[in-house]
Amino acid sequence: QVQLVESGGGSVQFGSSLRLSCAASGFTLDSHAVGWFRQAPGKEREGVACIASSSASFFYADSVKGRFTVLRDSAKNMVYLQMNNLKSEDTADYYCAAEYLGGCRRRGIPETDFETWGLGTQVTVSP
């Protein structure tokens, strides 16, 4: 069964760090671009970070650039989103998604590019 499962969310204070994990089962994540998306209450889902299937290119939204990093662990078949210096506006449900042999577009990562999605993990940042 092809599946993505996110974990690592939680409630933290402003300025803290969290590492979200995206674990794949039923397929090899190495051959996929992995995007991280988030949806805040009352807002549309937005793409915040992406690592290409080649791991040679990345995308970061302006709102997270310099604070978030996407990391790939091929041995564990996982991708991580390292989030540092968290702000209240980072509060959202976070989702990972995979695109077979995908890249990361420079101007953003459309949801329609990605075929497989996880169910999400919640991140709450308090002042």
Side-chain angles (χ1 to χ4, degrees):
Q1 182 181 3
V2 172
Q3 193 174 12
L4 288 175
V5 178
E6 303 92 338
S7 61
S11 296
V12 296
Q13 290 190 323
F14 182 93
S16 298
S17 297
L18 274 178
R19 174 173 285 200
L20 304 184
S21 299
C22 176
S25 58
F27 68 106
T28 302
L29 210 49
D30 261 7
S31 57
H32 291 71
V34 176
W36 284 95
F37 297 78
R38 69 184 181 186
Q39 187 167 22
K43 295 188 177 181
E44 291 187 355
R45 190 156 57 184
E46 61 171 342
V48 296
C50 177
I51 180 169
S53 58
S54 65
S55 294
S57 63
F58 300 83
F59 165 81
Y60 294 99
D62 287 344
S63 57
V64 306
K65 203 170 291 184
R67 300 188 298 121
F68 289 14
T69 304
V70 183
L71 306 164
R72 187 189 294 274
D73 187 333
S74 300
K76 295 183 178 179
N77 204 25
M78 295 181 71
V79 168
Y80 304 97
L81 183 66
Q82 177 66 42
M83 307 187 296
N84 297 329
N85 191 21
L86 283 163
K87 304 177 180 181
S88 300
E89 51 264 42
D90 296 319
T91 294
D93 292 326
Y94 283 74
Y95 303 85
C96 65
E99 177 193 6
Y100 181 61
L101 297 180
C104 299
R105 302 190 192 205
R106 291 184 180 179
R107 296 186 178 183
I109 46 172
E111 293 184 32
T112 51
D113 282 358
F114 297 84
E115 309 101 25
T116 305
W117 288 77
L119 296 180
T121 185
Q122 190 174 53
V123 173
T124 302
V125 184
S126 56

Next item on the list: Decide side-chain contact (heavy atoms from CB on, under 4.5 Å) for T121 and S7; before the verdict, give the C-alpha distance in whole Å, the side-chain angles of both, and the deciding distance to 0.1 Å.
Entry: CA-CA 6 Å; T121 185; S7 61; 5.6 Å; no

Next item on the list: Test side-chain contact (heavy atoms from CB on, under 4.5 Å) on Q39 and E46 and set out the steps.
Entry: CA-CA 6 Å; Q39 187 167 22; E46 61 171 342; over 6 Å; no

Next item on the list: Please step through side-chain contact (heavy atoms from CB on, under 4.5 Å) for the pair V70 and V34, ending with a clear verdict.
Entry: CA-CA 9 Å; V70 183; V34 176; 5.8 Å; no

Next item on the list: Verify ring pair (Phe, Tyr, Trp, His ring centres under 6.0 Å) between F27 and Y100, making sure each step is shown before the conclusion.
Entry: CA-CA 10 Å; F27 68 106; Y100 181 61; 9.4 Å; no

Check: How far apart are the C-alpha atoms of F68 and W36, what are their side-chain angles, what is the distance that settles it, and do they pass the ring pair (Phe, Tyr, Trp, His ring centres under 6.0 Å) test?
Finding: CA-CA 10 Å; F68 289 14; W36 284 95; 9.6 Å; no

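At a threshold of 4.0 Å, the pair K65-D62 counts as salt-bridged, since one of the basic side-chain nitrogens sits closer than that to a carboxylate oxygen.
For T69 (side chain) and M83 (main-chain N/O), no donor-acceptor pair under 3.5 Å exists by modelled atom type. Side-chain atoms of S53 come within 3.5 Å of backbone atoms of G102 as a donor-acceptor pair (strictly under, hydrogens ignored). Counting only distance, with no hydrogens or angles, the side chain of R72 and the backbone of L29 share a donor-acceptor pair below 3.5 Å. The main-chain N or O of E6 is never found under 3.5 Å from a side-chain atom of Y95 such that the two would form a donor-acceptor pair.
Atom CE of M78 sits about 11.5 Å away from atom CG of L71, to the nearest 0.5 Å. Separating the CD atom in Q13 from the OG atom in S11 is a distance of 10.5 Å, to the nearest 0.5 Å. In this structure, I109 CD1 and I51 CD1 are separated by 12.0 Å, a value rounded to the nearest 0.5 Å. A distance of 11.0 Å separates OG in S16 from CG in D90, rounded to the nearest 0.5 Å. Rounding to the nearest 0.5 angstrom, the gap separating the CD atom in E89 from the CZ atom in R38 is 8.0 Å. Separation of atoms CZ (R67) and OG (S17) is listed at 10.0 Å; rounding is to 0.5 Å.
Taking both residues in full, the closest heavy atoms of A52 and C104 are given as N-SG, 3.3 Å, listed atom of the first, atom of the second, then distance. For the residue pair P41 and T91, the shortest heavy atom distance occurs at CD-O, 4.3 Å. Here the shortest heavy-atom pairing between S88 and F14 reads N-CD1, 4.1 Å. Residues G47 and F59 share a closest heavy-atom pair of O-CE2, 3.8 Å. The two residues G103 and C50 make their nearest non-hydrogen contact at O-SG, 4.0 Å.
Surrounding CZ of R45 are more than 12 heavy atoms belonging to other residues, nucleotides or ligands, all under 6.0 Å away. Residue-environment remark: CD (Q3) exceeds the threshold of 12 foreign heavy atoms within 6.0 Å.
Grouping the Ile, Leu, Val, Met, Phe, Trp and Tyr side chains by contacts below 4.5 angstrom, directly or via other members, places V123 apart from F37. Hydrophobic clustering (side-chain heavy atoms under 4.5 Å, transitive across Ile, Leu, Val, Met, Phe, Trp, Tyr) keeps V12 apart from Y80.
Classified by interplanar angle (parallel below 30°, tilted 30° to 60°, perpendicular above 60°), the ring pair W117/F114 is perpendicular.
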